[in-house]
S.K.: 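Pasting a structure here, questions to come.
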Amino acid sequence: MSRIVYLNGEYLPEGEAKISIFDRGFLMADGVYEVTSVLDGKLVDFDGHVVRLARSLGELDMGNPLSKEELLVIHRELLMRNDLVNGGIYLQITRGAPGDRDFVFPDPETTPQTVVLFTQSNPDLLNNPKAENGIKVISIADERWGRRDIKTVQLLYPSMGKMMAKAAGCDDAWLVEDGAVTEGTSNNAYIVKGGKIITRNLSNDILHGITRAAVLRFAREAQMEVEERAFTIEEAQAADEAFITSATMFVTPVVEIDGAAIGSGKPGNVAPRLREIYIEESRKSAI
Ligand code: PDD
């Protein structure tokens, strides 16, 4: 069955959804995106993603073409039309196709934005072997631009990072700048030491993860201590546990960094417990 996707107001079979070669998303990576998890056919943290989308658009002087209510209707329509149970919905908004290549932003009055949404099924969302066994990461220099708080579609360096990890026989890479970990290529990074959860503080250096916000809230509610500050790879290698969070991986333990086993080299107690709480709470609040 062909997937039904959304493009600029229409629901179309994926093969019929076409955009211009002049689209600024294609030519200049001039676009933003969101990935919302779908759990048991429902949207996880929808409000959080809509708020971050509005912020990303605003930071790039892009208009917000759809209201929260309209976005919810589209998300639900796609879920229904594609019978999506577990996975995610990808949304991308670009500055549109002005009909030529120009560095200067086009006039939004004459160049409407391009809006694309599609579903991505992931039957292993809950029973991901990586969550069970943990993942191995390498560290690499963070060579992305300076506004990582904006969720733009310029993902070449994160892709290169994942390829470097793959070449090293690992699952992912943690990015290091000025001696400290910023985040993972497509997730936020954490360590646990003496029961305390440590993760980098929010700034323009990292994406303000929606999963991060929820997990830290649940951790604090469960009386776990949380410290938001930068940490080094050496500190991470000497930690009791490490883990990542994202809309696609939820909470996933990290068991090795640059070849050094973390703790026992197996997932500890904190990350699996946080994953359990996160899934339980998300199931309750998903819409
Ligand atoms: N990535 N940091 C980066 C650089 C990310 O790309 C992501 C998400 C996160 C976690 O954010 P959230 O918890 O809101 O998913 C942190 C998405 C999942 C992706 O690009 O597929």
Side-chain angles (χ1 to χ4, degrees), residues 124 128-145 148-149 155-216 218-219 224-278:
D124 288 336
N128 189 340
K130 288 183 176 170
E132 198 65 32
N133 305 321
I135 61 166
K136 296 177 181 176
V137 304
I138 57 166
S139 66
I140 60 171
D142 195 337
E143 294 182 356
R144 298 172 299 164
W145 77 326
R148 302 152 194 163
D149 55 311
L155 296 176
L156 184 54
Y157 192 68
S159 288
M160 289 168 71
K162 290 212 196 263
M163 293 311 292
M164 289 183 236
K166 198 172 167 193
C170 292
D171 304 286
D172 207 347
W174 277 11
L175 306 168
V176 177
E177 186 173 58
D178 298 332
V181 174
T182 50
E183 58 187 333
T185 57
S186 64
N187 41 67
N188 290 115
Y190 307 73
I191 56 173
V192 182
K193 186 74 181 174
K196 189 195 288 178
I197 298 162
I198 301 161
T199 193
R200 195 172 176 111
N201 48 297
L202 296 180
S203 71
N204 292 353
D205 297 337
I206 63 168
L207 185 74
H208 301 189
I210 302 301
T211 320
R212 177 190 183 280
V215 165
L216 293 188
F218 299 144
M224 297 181 194
E225 203 184 335
V226 174
E227 194 177 342
E228 295 180 61
R229 63 158 173 88
F231 59 85
T232 64
I233 288 294
E234 292 68 34
E235 196 182 355
Q237 287 172 324
D240 302 326
E241 287 185 45
F243 63 94
I244 55 163
T245 65
S246 76
T248 45
M249 298 292 281
F250 294 162
V251 179
T252 296
V254 171
V255 292
E256 194 182 293
I257 303 175
D258 287 338
I262 309 305
S264 65
K266 297 216 158 65
N269 299 318
V270 176
R273 176 77 191 120
L274 281 173
R275 182 179 173 89
E276 209 175 274
I277 298 174
Y278 180 76

S.K.: Sort out for me which residue in T199, N188, D142, N201 forms a side chain to side chain contact (heavy atoms under 4.5 Å, CB included) with I206.
M.R.: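 Answer to the side chain to side chain contact (heavy atoms under 4.5 Å, CB included) test with I206 among T199, N188, D142, N201: N188.
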S.K.: Taking atom CD as the centre, does E235 end up with more than 12 heavy-atom neighbours from other residues, nucleotides or ligands that are less than 6.0 angstrom away?
M.R.: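 Yes, enclosed.
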S.K.: If only atom types and distance count, is the side chain of E241 paired as donor or acceptor with the main-chain N or O of N269 below 3.5 Å?
M.R.: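 Answer holds: yes.
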S.K.: Show the nearest heavy-atom pair for residues S139 and V176, with the distance to one decimal.
M.R.: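 Of all heavy-atom pairs spanning S139 and V176, the closest is CB-CG2, 4.0 Å.
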S.K.: Where do I198 and F231 come nearest, in terms of heavy atoms and distance?
M.R.: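 In this case the closest contact between I198 and F231 is O-CE2, 3.8 Å.
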S.K.: Using 30° and 60° as the class limits, which term best fits the ring planes of F243 and Y190: parallel, tilted or perpendicular?
M.R.: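 Ring orientation, 0 to 90° scale: parallel.
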S.K.: May I ask you to check whether T252 and K130 show a side-chain donor-acceptor distance below 3.5 Å?
M.R.: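 Result is no, nothing qualifies.
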S.K.: Just verifying a value: how many Å separate L155 CG and K162 NZ, rounded to the nearest 0.5 Å?
M.R.: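 Here the interatomic distance stands at 10.0 Å.
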S.K.: Donor-acceptor pair, Q237 side chain versus I257 backbone, under 3.5 Å?
M.R.: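 Present.
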S.K.: Minimum heavy-atom separation for P267 and G134, please, with both atom names.
M.R.: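 For P267 and G134, the tightest heavy-atom pair comes out as CG-N, 4.0 Å.
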S.K.: Kindly say whether D205 contributes a backbone atom to a donor-acceptor pair with the side chain of R148 at under 3.5 angstrom?
M.R.: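 Checked: pair present.
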S.K.: Write down the atom of Y157, the atom of E143, and the distance for their closest heavy-atom approach.
M.R.: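 Minimum heavy-atom contact is CE2-N, 3.4 Å.
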S.K.: Can a donor-acceptor pair be found, under 3.5 Å and without considering hydrogens, that links the side chain of N187 to the backbone of A189?
M.R.: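 No, because the side chain of N187 does not come within donor-acceptor range (under 3.5 Å) of the backbone of A189.
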S.K.: Taking all atoms of both residues into account, what is the closest heavy-atom pair of D149 and L207, and its distance?
M.R.: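 Nearest pair, atom of D149 first, then L207: O-CD1, 3.7 Å.
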S.K.: Please report the interatomic distance CG(L156) to CZ(R144), rounded to the nearest 0.5 Å.
M.R.: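 Going from CG on L156 over to CZ on R144, the span is 12.5 Å.
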S.K.: Would you give the length of the straight line joining atom OG1 of T245 to atom CD1 of I210, rounded to the nearest 0.5 angstrom?
M.R.: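 Going from OG1 on T245 over to CD1 on I210, the span is 10.5 Å.
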S.K.: Between D171 and K136 (side chain of the first, backbone of the second, donor and acceptor by atom type, cut-off under 3.5 Å), is there such a pair?
M.R.: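 A pair under 3.5 Å: yes.
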S.K.: Tell me whether D240 contacts the main-chain N or O of G194 through its side chain, where contact means a donor paired with an acceptor under 3.5 Å.
M.R.: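 Yes.
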S.K.: To the nearest 0.5 Å, how far apart are CD in E183 and NE2 in H208?
M.R.: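 NE2 of H208 is found 9.0 Å from CD of E183.
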S.K.: Applying side chain to side chain contact (heavy atoms under 4.5 Å, CB included) to L274 and I197, what does each step give before you reach the verdict?
M.R.: CA-CA 11 Å; L274 281 173; I197 298 162; 3.8 Å; yes
S.K.: What I'd like to find out is whether the side chain of E228 reaches to under 4.5 Å of the side chain of R212, using heavy atoms alone.
M.R.: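 E228 vs R212: side chains touch.
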S.K.: Between R273 (side chain) and G268 (backbone), is there a donor-acceptor pair under 3.5 Å?
M.R.: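 Looks like no, no N/O pair under 3.5 Å.
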S.K.: Could you give the distance from CG (D172) to OG (S186), rounded to the nearest 0.5 Å?
M.R.: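 Going from the CG atom of D172 to the OG atom of S186 covers 5.5 Å.
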S.K.: Looking at I140, V181, T182, which one forms a side chain to side chain contact (heavy atoms under 4.5 Å, CB included) with W174?
M.R.: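 When side chain to side chain contact (heavy atoms under 4.5 Å, CB included) is applied between W174 and each of I140, V181, T182, only V181 qualifies.
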S.K.: Grab the two heavy atoms, one from R275 and one from A131, that are nearest each other, plus how far apart they are.
M.R.: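 So the minimum-distance heavy-atom pair works out to CZ-CB, 3.2 Å.
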S.K.: Hey, mind stepping through V254 and I135 against side chain to side chain contact (heavy atoms under 4.5 Å, CB included) and telling me if it holds?
M.R.: CA-CA 5 Å; V254 171; I135 61 166; 3.9 Å; yes
S.K.: Nearest 0.5 Å, please: how far is CD1 in I138 from NZ in K166?
M.R.: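 The distance works out to 13.0 Å.
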S.K.: Under 4.0 Å between a side-chain nitrogen and a carboxylate oxygen: does that hold for K193 and E227?
M.R.: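 No.
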